[in-house]
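Protein chains get the first letters and strands the later ones, always in sequence-line order, with residue 1 at the start of each. Source: prediction; values computed, not measured. Hydrogens, waters and symmetry mates play no part in the numbers below; they use all other heavy atoms, side chains included.
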There are 2 protein chains.
Amino acid sequence: MNFDAITIRDIARELHLSVSTVSKALRDSYEISDKTKKLVLEYAQKNNYRPNPMAQSLKKGHSKSIGIVVSSIDNQFFSQVINGMESEAYSQGYNVIITQSHESWDLEVQNVNHLTHRAIDGLLISLSTETNDVEHLKKLQSQGLPIVFFDRVSNEIDTHKVIVDNLKGAYEATMHLINSGYKHIAHITSSAITSVSSERLSGYKKALEDSGMEVDDRYIKFCTHGGQAMSEIQQALQELLDLEVKPDAILTAWDRITTSTLSLLHKFNIKIPQEIALLGFTNTLLADVLNPSLTAVQQPAFEIGRKATEMLLSIINSKRPVTEFETVVLPTELFIRNSTARQIAVK
Amino acid sequence: MNFDAITIRDIARELHLSVSTVSKALRDSYEISDKTKKLVLEYAQKNNYRPNPMAQSLKKGHSKSIGIVVSSIDNQFFSQVINGMESEAYSQGYNVIITQSHESWDLEVQNVNHLTHRAIDGLLISLSTETNDVEHLKKLQSQGLPIVFFDRVSNEIDTHKVIVDNLKGAYEATMHLINSGYKHIAHITSSAITSVSSERLSGYKKALEDSGMEVDDRYIKFCTHGGQAMSEIQQALQELLDLEVKPDAILTAWDRITTSTLSLLHKFNIKIPQEIALLGFTNTLLADVLNPSLTAVQQPAFEIGRKATEMLLSIINSKRPVTEFETVVLPTELFIRNSTARQIAVK
DNA sequence: AGGGCTAACTAAAACGTTTGCGTAAAAATT
DNA sequence: AATTTTTACGCAAACGTTTTAGTTAGCCCT
């Protein structure tokens, strides 16, 4: 393929000017006369000149783009987060490069390496469920790459973080179930490694304890692959259904687990909420029109993304090394719908 | 921010070698002795050397990344398409840069300009609903940027394209409604400009005609903003409901229009399919668990993305200019669920 | 012994910019 | 008129690589 792109050198030759004059004219330098500027600008315009971004990046020492690692783009939570990131990044003249870890540590490392070092000016990352070793990120940070965590954070790395109040979100959700009269509330979550899971689990447990209810480990199921595989959720659900006392409500802690559980309950012909109520963390825009409409803990995804990006750019643009880091905690919101409707009476 | 990244020059100085020797050693050139290679490799490893991708890109004349423009990432169709693109691109050592046009021509142009010219080696684009002027893309193509269209294509530009058989998809969908006994089938689609809309509209009309039914323009509604705004869909729907003979079925032609229409029908308390049946183009993974489960025309989104990327990379890697272009047409699939269930009898 | 080979390396140019410094001419100041 | 200042431009180095074209030193061969 031949890219017959016009360069600053071509303009210079054609206009009988020096390369530096052209460069300065294009950047509207005070050193250049209006006449020359006009000449150069018009020629550039006419010939559709566009500066080579690689040359600029190389020269300037930054790429004006930031890397994003999420587990999966087709998760509405993450796509909303990305919308927020894109919005903030664009408004500050930055580009985003999105990669997916698909909940795999290997892929996460590979993506980070791919993005890494000067191809990006900073990294926004939500850890994969598999990740408990963050050496790869530590090394990058120590080499000066600004990193901001969002959603699934690591407490082994000191940097800005944007999370939601997972404990409170799960607490309120569980309380809602308890107040609705449910007695045997199960919890399906992801791998216990992630910050998000353990916080939500704590919220769930605290609500039970505060209500004088017993925490029974048999009602708590972990899906180590973050619910990427339907099979692991199916197994978890099956085990719950096989208990001598079946749960009458389920709190699902992850977007994908929530929707998959809903699907499986349909598949098993279990009436929601009559037989089992369902309450899940999810950001799907379709919660209202699901069958039944789904009581959900929703996260301010756009704002998470926006805020994380704002913080990352503040590190990137900081004159001196940033050593004071901040963790922003945003609130979740509980939307009560039919999937947890209290059973007034059996119709 | 200071990036104390190590360069090839640092290695050379430290090892008392020349820059070129180090470069060649790293690239495993036959000109370098095994001893030296080992030395360099070990030093590089230990000091976590990583080639500066910008310098490499500048030198090599390509960036090993491709640009993607879609209308919106939080549309499951597009996120699945992107998964396919990412998969193919990664397997060939390419990176993807994703941007969203949000159905706006202005943003589309801005994104393309941002990505454009040497920051990317090629472009994968699905036009925004607003777009009917493709001069910006023509210009880029004429300058040598490889472009592949998918989903929403322009026939003013000659290049590879990947689409689905929209006419057949809409035809089969409409036929399903007709065969289920629906008599007044409405069609809500996007702007008539897009290839996709007009093809689906044709399929809808053809099915009616082939069945001896009249095509009544009052039953066809256009949402010029591609359904980004709920309000325009609401208005379209309201107009349909205000007709003296209300439609008993609606075929929605776009993902977002489909889910929004479902929401609105709920809001208006209209029973699906008893009062109005709904059949829509959508790739949501939740079609099965919607209320009611949704009869849907689904597109092979992953494959669309994969194929488009494969074709783009074939242009990029082609030794000589490509002049023969191909349009790949993939089949859609109709999933029949409850939202169009034939009304055997009124319960 | 002289020429030709080869192996292993180096020097330098190039990719397209940006930028600090230098400088000639024009303008302003003495 | 002589000096200084300003204006408007050019030169060349630099960013970190890759690559072409040398350049040594040692070896083999007749």
Side-chain angles (χ1 to χ4, degrees), chain A residues 1-41 43-44 47-65 116-121 143-144, chain B residues 1-41 43-44 47-65 116-121 143-144:
Chain A
M1 280 307 309
N2 65 317
F3 243 130
D4 47 357
I6 174 176
T7 78
I8 233 173
R9 195 176 249 98
D10 298 326
I11 303 183
R13 188 176 344 94
E14 211 60 36
L15 263 37
H16 304 295
L17 291 167
S18 79
V19 171
S20 49
T21 303
V22 174
S23 174
K24 284 171 184 168
L26 289 169
R27 327 203 75 246
D28 201 25
S29 162
Y30 67 95
E31 294 182 77
I32 307 298
S33 71
D34 290 346
K35 209 179 78 186
T36 308
K37 276 182 192 167
K38 190 148 166 280
L39 192 69
V40 171
L41 248 30
Y43 187 89
N47 294 77
N48 203 37
Y49 168 78
R50 230 170 259 296
N52 180 324
M54 290 155 205
Q56 282 184 315
S57 296
L58 178 59
K59 186 66 199 177
K60 302 235 199 89
H62 57 241
S63 62
K64 285 280 176 177
S65 56
T116 227
H117 249 182
R118 310 251 197 136
I120 56 172
D121 297 341
Q143 285 179 66
Chain B
M1 281 304 311
N2 64 319
F3 242 129
D4 47 357
I6 174 179
T7 77
I8 233 174
R9 193 174 251 95
D10 298 328
I11 303 182
R13 188 177 344 94
E14 210 59 38
L15 263 36
H16 305 293
L17 290 168
S18 78
V19 172
S20 45
T21 304
V22 175
S23 174
K24 285 175 182 165
L26 289 169
R27 329 201 73 246
D28 202 25
S29 161
Y30 68 95
E31 295 180 78
I32 307 299
S33 72
D34 289 346
K35 209 177 79 186
T36 308
K37 278 182 191 168
K38 189 147 168 281
L39 193 69
V40 171
L41 250 28
Y43 187 89
N47 294 75
N48 204 37
Y49 167 78
R50 228 170 261 296
N52 180 324
M54 289 157 209
Q56 282 183 315
S57 296
L58 178 59
K59 187 65 199 175
K60 302 233 201 93
H62 58 241
S63 62
K64 284 277 176 182
S65 55
T116 227
H117 249 184
R118 313 252 196 135
I120 55 171
D121 297 342
Q143 286 178 68

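Across the protein-nucleic acid pair, B:Lys35 atom NZ and C:dA8 atom C1' stand 11 Å apart, rounded to whole Å. Atom C1' of nucleotide D:dG16 and atom CG of B:Asn52 are separated by 6 Å, given to the nearest angstrom. Taking atom CD1 of A:Ile11 as the reference point, atom C1' of C:dT17 lies 12 Å away to the nearest angstrom. For the pair B:Asp10 CG and D:dT17 C1', the interatomic distance rounds to 13 Å; values are reported in whole Å. Here C:dT17 presents its P atom at 9 Å from CZ of A:Arg9, a figure rounded to the nearest Å. Rounding to whole angstrom units, CG of residue B:Leu26 and P of D:dT17 are separated by 9 Å. Between the CD1 atom of B:Ile8 and the P atom of D:dG16 there is a distance of 11 Å, rounded to whole Å.
Here the CG atom belonging to A:Asp121 is positioned 7.5 Å from the OG atom belonging to A:Ser57, to the nearest 0.5 angstrom. Once rounded to the nearest 0.5 Å, the distance linking CD1 of B:Ile6 with CD of A:Gln143 reads 9.0 Å. Put simply, CG on B:Leu39 and CD1 on B:Ile32 are 11.5 Å apart, with the number rounded to the nearest 0.5 Å. Taking NZ from B:Lys24 and OH from B:Tyr30, the interatomic distance works out to 8.0 Å, rounded to the nearest 0.5 Å.
In terms of the side-chain hydrogen bond (donor to acceptor under 3.5 Å, both in side chains) criterion, A:Lys64 has no residue partners (sequence neighbours excluded). For B:Thr36, the side-chain hydrogen bond (donor to acceptor under 3.5 Å, both in side chains) partners two or more places apart in sequence, or in a different chain, are B:Ser33. Every side-chain hydrogen bond (donor to acceptor under 3.5 Å, both in side chains) that A:Asp28 has, sequence neighbours left out, goes to A:Lys37. Residues forming a salt bridge (Lys or Arg N to Asp or Glu O under 4.0 Å) with A:Lys59 (at least two apart in sequence, or on another chain): none.
Look at A:Gln56 and you'll find a side-chain N or O under 4.0 angstrom from OP1 or OP2 of C:dT18. Between D:dT18 and B:Arg27, a contact under 4.0 Å exists linking OP1 or OP2 to a side-chain N or O.
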* Structure fact -> Expected string for nucleotides 7-14 of chain D under the B/S/- scheme (protein heavy atoms, under 4.0 Å, primed atoms plus P, OP1, OP2 as sugar-phosphate) is -BBBBB-B
Show me, pair by pair, the donor-acceptor contacts under 3.5 angstrom made by side chains of residues 10-20 of chain B, not counting sequence neighbours?
unit_1: B:Asp10; atom_1: OD1; unit_2: B:Arg13; atom_2: NH2; d: 2.9
unit_1: B:Asp10; atom_1: OD2; unit_2: B:Thr7; atom_2: N; d: 2.9
unit_1: B:Ser18; atom_1: OG; unit_2: B:Ser20; atom_2: N; d: 3.4
unit_1: B:Ser18; atom_1: OG; unit_2: B:Ser20; atom_2: OG; d: 3.1
unit_1: B:Ser18; atom_1: OG; unit_2: B:Thr21; atom_2: N; d: 3.1
unit_1: B:Ser18; atom_1: OG; unit_2: B:Thr21; atom_2: OG1; d: 2.9

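Fit an axis to the five pairs at each end of the helix from C:dA1-D:dT30 to C:dT30-D:dA1 and the two axes sit 60° apart, to the nearest 10 degrees.
For B:Leu26 against B:Tyr49, the heavy-atom pair with the smallest separation is CD1-CE2, 3.6 Å.
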Dump the pairs, protein N or O against N or O of nucleotides 23-26 of chain C, anything under 3.5 Å, distances to one decimal.
none

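In this structure, the side chains of B:Val22 and B:Tyr43 stay at 4.5 Å or more apart for every pair of heavy atoms.
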